[in-house]
Amino acid sequence: MHLLELGTAVPDPMAPYREVDRSSPRHECWVAAHMVAGLDGTTAVDGRVGALSTSPDQDLFRDMREIPDVVLVGAETVRLEGYGPVRLSDDSQARRRNRGKADTPPIAVVSRSLDLDPAASVFADAPEHAPTMVVTCAAADPGRRAEVEEFATVIEAGEDRVEPIAAVRALSGRGHGVVLCEGGPTWLGELVAADRLDELLLSISPVTGGDPLPVSVTPPGADMARFDLKGVMAESGTLFLRYEAAVGRSATDERSDR
Ligand SMILES: NC(=O)c1ccc[n+]([C@@H]2O[C@H](COP(=O)([O-])OP(=O)(O)OC[C@H]3O[C@@H](n4cnc5c(N)ncnc54)[C@H](OP(=O)(O)O)[C@@H]3O)[C@@H](O)[C@H]2O)c1
């Protein structure tokens, strides 16, 4: 056990995240997730994340979007949060250009129902250089799929449901080496269960209450996943934790030692 003490102030809170080498993923591409939770693990209050997110967390959420090639998100989060396209500061866009990336990353929405509104900002306001994608499965309704193809790029990944591995592989195949998943908990749980989460950025807000929705909803039968703590920062009572997937021993191995 070690006591953590507040260290020196970090002039640029994004620096520790920018410095991470994401060029050697364990699988097809590097998949990071960014989530905020209350002390009791809740990830939404009345179906929205806003009440959980402190000001420094909001800043980090916005600035982290400078890192990825694509932002991947479940359809329910898009519907409930009224998602729009990624917007970045001029400085963030310039840094992306220096790294050979588009000014802003596109959003990819995961959906089987394809219950998606063409007038929603995430589709209607997407910039030309980063049109919004929809990741769906072969079993999706063909009529709806044809409608969605009118306003989004449709990617098929899986038969009855979107298979996380196929989805990540398809994004990687389009040249997206770093994927940032912004939830929600159901889709994140699928990615974790498929061993496709390389990095978790988890903000812990100093509040309790809210919806009984954990950070990641584990699908039935999925095994435990284990992560190593790589970074801790604190600001205004909010903890900023950075984990990476543990390589080698599985969570099952760890438990059997006890
Ligand atoms: N605290 C945080 O950091 C955070 C982050 C994000 C979201 N949230 C909160 O989380 C809530 C929404 O999350 P959620 O877990 O209910 O939903 P979600 O994960 O955002 O989206 C679930 C939807 O994604 C699609 N989907 C997921 N897995 C799929 C698969 N394998 N195949 C095909 N489609 C799949 C389905 O869309 P269709 O229904 O269209 O088929 C499903 O209904 C909101 O209240 C939001 O505020 C919190």
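Both counts, for ligands and for their atoms, begin at 1 and track the order of listing.
Looking at D103 and R96, no side-chain N of the basic residue comes within less than 4.0 Å of a carboxylate O on the acidic one, giving no salt bridge. Salt bridge status for E76 with R79: present, with a side-chain N to carboxylate O gap under 4.0 Å. Between R242 and E244 a salt bridge is recorded (basic side-chain N to carboxylate O distance below 4.0 Å). Taking 4.0 Å as the cut-off between side-chain N and carboxylate O, R196 and E190 do not count as a salt-bridged pair. At a threshold of 4.0 Å, the pair E182-R65 counts as salt-bridged, since one of the basic side-chain nitrogens sits closer than that to a carboxylate oxygen.
Taking every heavy atom of R161 and a limit of under 4.0 angstrom, the matching atoms of ligand 1 come to 31 (N), 32 (N). Close approach to A75 involves these atoms of ligand 1, each under 4.0 Å from a residue heavy atom: 21 (O), 23 (C), 24 (O), 37 (O), 40 (O). Those atoms of ligand 1 with a heavy atom of V36 less than 4.0 angstrom away are 1 (N), 2 (C), 3 (O). Counting atoms of ligand 1 from 1 in the listed order, those under 4.0 Å from a heavy atom of T186 are 14 (P), 15 (O), 16 (O), 17 (O), 19 (O). Close approach to G184 involves these atoms of ligand 1, each under 4.0 Å from a residue heavy atom: 6 (C), 7 (C), 13 (O), 15 (O), 18 (P), 19 (O), 20 (O). Remark: ligand 1 atoms within the under-4.0 Å shell around heavy atoms of E76 are 16 (O), 17 (O), 18 (P), 20 (O), 21 (O), 22 (C), 23 (C). Close approach of ligand 1 to L80 is summarised as follows: ligand atoms under 4.0 Å from at least one heavy atom of the residue are 44 (C), 45 (O). Near V162, the atoms of ligand 1 lying under 4.0 angstrom from a non-hydrogen atom of the residue are 30 (C), 31 (N), 32 (N), 33 (C).
Of all protein heavy atoms, the one lying nearest to atom 38 (P) of ligand 1 is S113 OG, 3.3 Å. Nearest protein heavy-atom neighbour of atom 11 (C) of ligand 1: L213 CD2, 3.5 Å. Among protein heavy atoms, atom 13 (O) of ligand 1 sits closest to P185 CD, 3.3 Å. Distance from atom 48 (C) of ligand 1 to its nearest protein heavy atom, with residue and atom name: T43 O, 3.1 Å. The single protein non-hydrogen atom nearest to atom 47 (O) of ligand 1 is E81 OE2, 2.5 Å, given as residue, atom name and distance. Given atom 45 (O) of ligand 1, the protein heavy atom at minimum distance is G47 O, 3.0 Å.
For atom 33 (C) of ligand 1, a protein heavy-atom neighbour is present inside the 4.0 Å cut-off.
Proximity of A37 to ligand 1 is not established, as no heavy-atom distance is less than 4.0 Å.
Inspection of the E66 and Y17 side chains reveals no N or O donor paired with an N or O acceptor under 3.5 Å. Judged purely by distance below 3.5 Å, without hydrogens or angles, the side chains of D57 and S203 pair a donor atom with an acceptor atom. S23 and D21 share a donor-acceptor pair across their side chains, judged by distance under 3.5 Å alone.
Here V73 has no heavy atoms under 4.0 Å from ligand 1, in either its backbone or its side chain.
With R48, E182, R79 as candidates, the residue nearest to atom 39 (O) of ligand 1 on a non-hydrogen basis is R79. Heavy-atom proximity to atom 26 (N) of ligand 1, evaluated over L52, T77, V110, is greatest for V110.
At a 3.5 angstrom cut-off on N or O pairs, A44 does not count as close to ligand 1. Residue W187 has at least one N or O atom closer than 3.5 Å to an N or O atom of ligand 1. Residue M35 places no N or O, backbone or side chain, under 3.5 Å from any N or O of ligand 1. Backbone and side-chain nitrogen or oxygen atoms of L188 are examined, and none is located within less than 3.5 angstrom of a nitrogen or oxygen of ligand 1. Considering backbone and side-chain N/O of H34, none are found under 3.5 Å from N/O of ligand 1.
A side-chain donor-acceptor contact under 3.5 Å links T132 to the backbone of V122. A distance-only check finds a donor-acceptor pair linking the side chain of H27 to the backbone of D195 [under 3.5 Å]. With hydrogens and angles disregarded, no donor-acceptor distance shorter than 3.5 Å links the side chain of S205 to the backbone of T238.
Residues D228 and K230 have side chains in contact (heavy-atom distance under 4.5 Å, counting atoms from C-beta outward).
Nearest approach of L88 to Q93, heavy atoms of both residues: O-NE2, 3.0 Å.
Here the rule is side chain to side chain contact (heavy atoms under 4.5 Å, CB included) with L114, and of V109, V148, D141 only V148 fits it.
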